[in-house]
Amino acid sequence: MEGLLRGRFGRPYFYLARTDTTQRMLDPAQPEGAVAVTEEQVAGRGRLGRTWEAPTGTSILCSTLLRPPPGRTPAELSLVAGVAVALAVERAAGVGAEVKWPNDVLLGGHKVAGVLAEARDGAVVLGIGINVNQEPGSLPGGTKTPAGSLRSVTGHTHDRAPLLADLLLELERRYDAWRGSGLAAVHDELSARDFLRGRRVLADGAEGIARGITADGRLEVETAAGLLRVESGEILLAP
Ligand code: BT5
């Protein structure tokens, strides 16, 4: 895998066949761009105390250590990473990917990846899980957004190492651009892949139409009571 790396991200590169969560394999003392990868997580994490489920050896499960400069808003990193994941995934799958604000990547309406950004001592541990080779029957069922994998969408398996190398390079490029000029650096790529735009959604208990992602990363929702600018949380499609 390390031979495929083309940028600074992934140096150093930590690999364990099995771990609790890759989020805990990194420590803020390591250099920016340190990456942790595993085949199996026994305590894979989602946001808000939720779990991330992936059968051994099927997925990309990785974390990257980032040190955002003062003046930038670390919460935007989920969207920056979402764009990088979408670009890498769509190149591998040959199908356009979408970002579902704030942290999911979808192929054909199915969630194939999730991003988890956790602050740690001034650094951010950015976790990315991508479903690559799960067969439809081994994806989690009963999820709010139906789960998919590259395999379930394209009908064939995909090599994970080149996809991970591509992902780390896209992430590095988008992160460097964001360091320089904030979310504006990826806003066009993000807006072009905005899954929620134009859809009827439930946000903060209110129902409305998602109108897009603002320059500072909020989701705009037009409701009967006016325009909401949602900062964080969970967006459900209205039934
Ligand atoms: C996320 O959380 O989508 C962020 C997932 C981040 C996972 C990576 S893997 C490497 C790194 N190490 C970790 O421990 N985590 C990161 P959230 O939006 O809360 O979505 C979690 C929800 O998605 C769960 O409650 C399930 O409903 C569903 N889910 C769980 N596993 C899934 C999967 N493999 N594919 C699609 N949906 C899944």
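Quick note: residue numbers are just sequence positions, from 1. Read the numbers this way: they start at 1 and go in the same order the structure lists the ligands and their atoms.
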Inset, instruction - Assess whether side chain to side chain contact (heavy atoms under 4.5 Å, CB included) is satisfied between L139 and S152, documenting all intermediate values. - result: CA-CA 9 Å; L139 289 161; S152 75; 4.0 Å; yes

Inset, instruction - List every atom of ligand 1 that sits less than 4.0 Å from any heavy atom of T21, numbering the atoms from 1 in the order shown and giving each element. - result: 12 (N), 13 (C), 14 (O)

Legend entry - Salt bridge D104-K144, side-chain N to carboxylate O under 4.0 Å: no

Legend entry - Shortest heavy-atom approach to atom 24 (C) of ligand 1 - which of T38, D104, T145, T51: T51

Legend entry - Heavy atom of the protein closest to atom 38 (C) of ligand 1 (residue, atom name, distance): W52 CZ3, 3.5 Å

Inset, instruction - Inspect the contact between R211 and E222 and indicate whether a charged nitrogen and a carboxylate oxygen are less than 4.0 angstrom apart. - result: yes

Inset, instruction - Nearest heavy atom to atom 12 (N) of ligand 1 wins, so pick from R45, Q41, K100, R50. - result: Q41

Inset, instruction - Note the single closest protein heavy atom to atom 1 (C) of ligand 1, along with its residue, its atom name and the distance in Å. - result: N103 ND2, 3.5 Å

Inset, instruction - Begin with the C-alpha distance, continue with both residues' side-chain angles, and end with the deciding distance and a verdict on side chain to side chain contact (heavy atoms under 4.5 Å, CB included) for V201 and L237. - result: CA-CA 4 Å; V201 297; L237 294 181; 4.2 Å; yes

Legend entry - Protein residue, atom and distance nearest to atom 36 (C) of ligand 1, heavy-atom basis: A147 CB, 3.5 Å

Inset, instruction - Report the C-alpha distance between E172 and R8 in whole Å, list the side-chain angles of each, state the deciding distance to 0.1 Å, and finish with yes or no for side chain to side chain contact (heavy atoms under 4.5 Å, CB included). - result: CA-CA 8 Å; E172 179 178 322; R8 2 185 260 294; 3.4 Å; yes

Inset, instruction - Could you walk me through whether W52 and Q41 pass side chain to side chain donor-acceptor pair (under 3.5 Å), step by step? - result: CA-CA 9 Å; W52 187 255; Q41 295 185 130; over 6 Å; no

Inset, instruction - Could you tell me whether ligand 1 has any atom less than 4.0 Å away from a heavy atom of I128? - result: yes

Inset, instruction - Could you find the nearest protein heavy atom to atom 10 (C) of ligand 1 and give me its residue, atom name and distance? - result: T22 OG1, 3.3 Å

Inset, instruction - Under the side chain to side chain donor-acceptor pair (under 3.5 Å) rule, what do E39 and T56 come out as? Steps first, then yes or no, please. - result: CA-CA 5 Å; E39 301 287 346; T56 309; over 6 Å; no

Legend entry - Protein contact of atom 35 (N) of ligand 1 - nearest heavy atom, named by residue and atom, plus distance: N131 ND2, 2.8 Å

Inset, instruction - Determine whether more than 12 heavy atoms belonging to other residues, nucleotides or ligands lie under 6.0 Å from atom CD of E234. - result: yes

Legend entry - For atom 28 (C) of ligand 1, closest protein heavy-atom neighbour: T143 CG2, 3.6 Å

Inset, instruction - Below 4.0 angstrom from a heavy atom of P140, which ligand 1 atoms are there? Numbered from 1 as shown, please. - result: 31 (N), 32 (C), 33 (C), 38 (C)

Legend entry - Side chain R72, main chain G180, donor-acceptor under 3.5 Å: yes

Legend entry - Within reach of ligand 1, part of A54 (heavy-atom separation under 4.0 Å): neither

Legend entry - Options E234, K111, R24, ranked by nearest heavy atom to atom 18 (O) of ligand 1, top entry: K111

Inset, instruction - Just jot down the ligand 1 atoms closer than 4.0 angstrom to any heavy atom of G44, in number order. - result: 14 (O)

Inset, instruction - Any atoms of ligand 1 less than 4.0 Å from a non-hydrogen atom of C62? List them with their elements. - result: 10 (C), 11 (C)

Legend entry - Heavy-atom nearest neighbour in the protein, as seen from atom 31 (N) of ligand 1, with distance rounded to 0.1 Å: E53 N, 3.1 Å

Inset, instruction - Let me know which of T38, L26, V35 forms a side chain to side chain contact (heavy atoms under 4.5 Å, CB included) with F14. - result: L26

Inset, instruction - Provide, to 0.1 Å, the distance between atom 4 (C) of ligand 1 and the closest protein heavy atom, together with that atom's residue and name. - result: V115 O, 3.6 Å

Legend entry - For ligand 1, the portion of S59 having any non-hydrogen atom under 4.0 Å away: neither

Inset, instruction - Count the heavy atoms belonging to other residues, nucleotides or ligands that lie under 6.0 Å from CG of D159, then report whether that count exceeds 12. - result: no

Inset, instruction - Show which atoms of ligand 1 fall inside a sub-4.0 Å distance from at least one heavy-atom site of Q23. - result: 11 (C), 12 (N), 13 (C)

Inset, instruction - Just do the salt bridge (charged side-chain N to carboxylate O under 4.0 Å, His left out) check on R229 and E220 with the steps written out, would you? - result: CA-CA 5 Å; R229 289 196 179 83; E220 248 173 11; 2.9 Å; yes

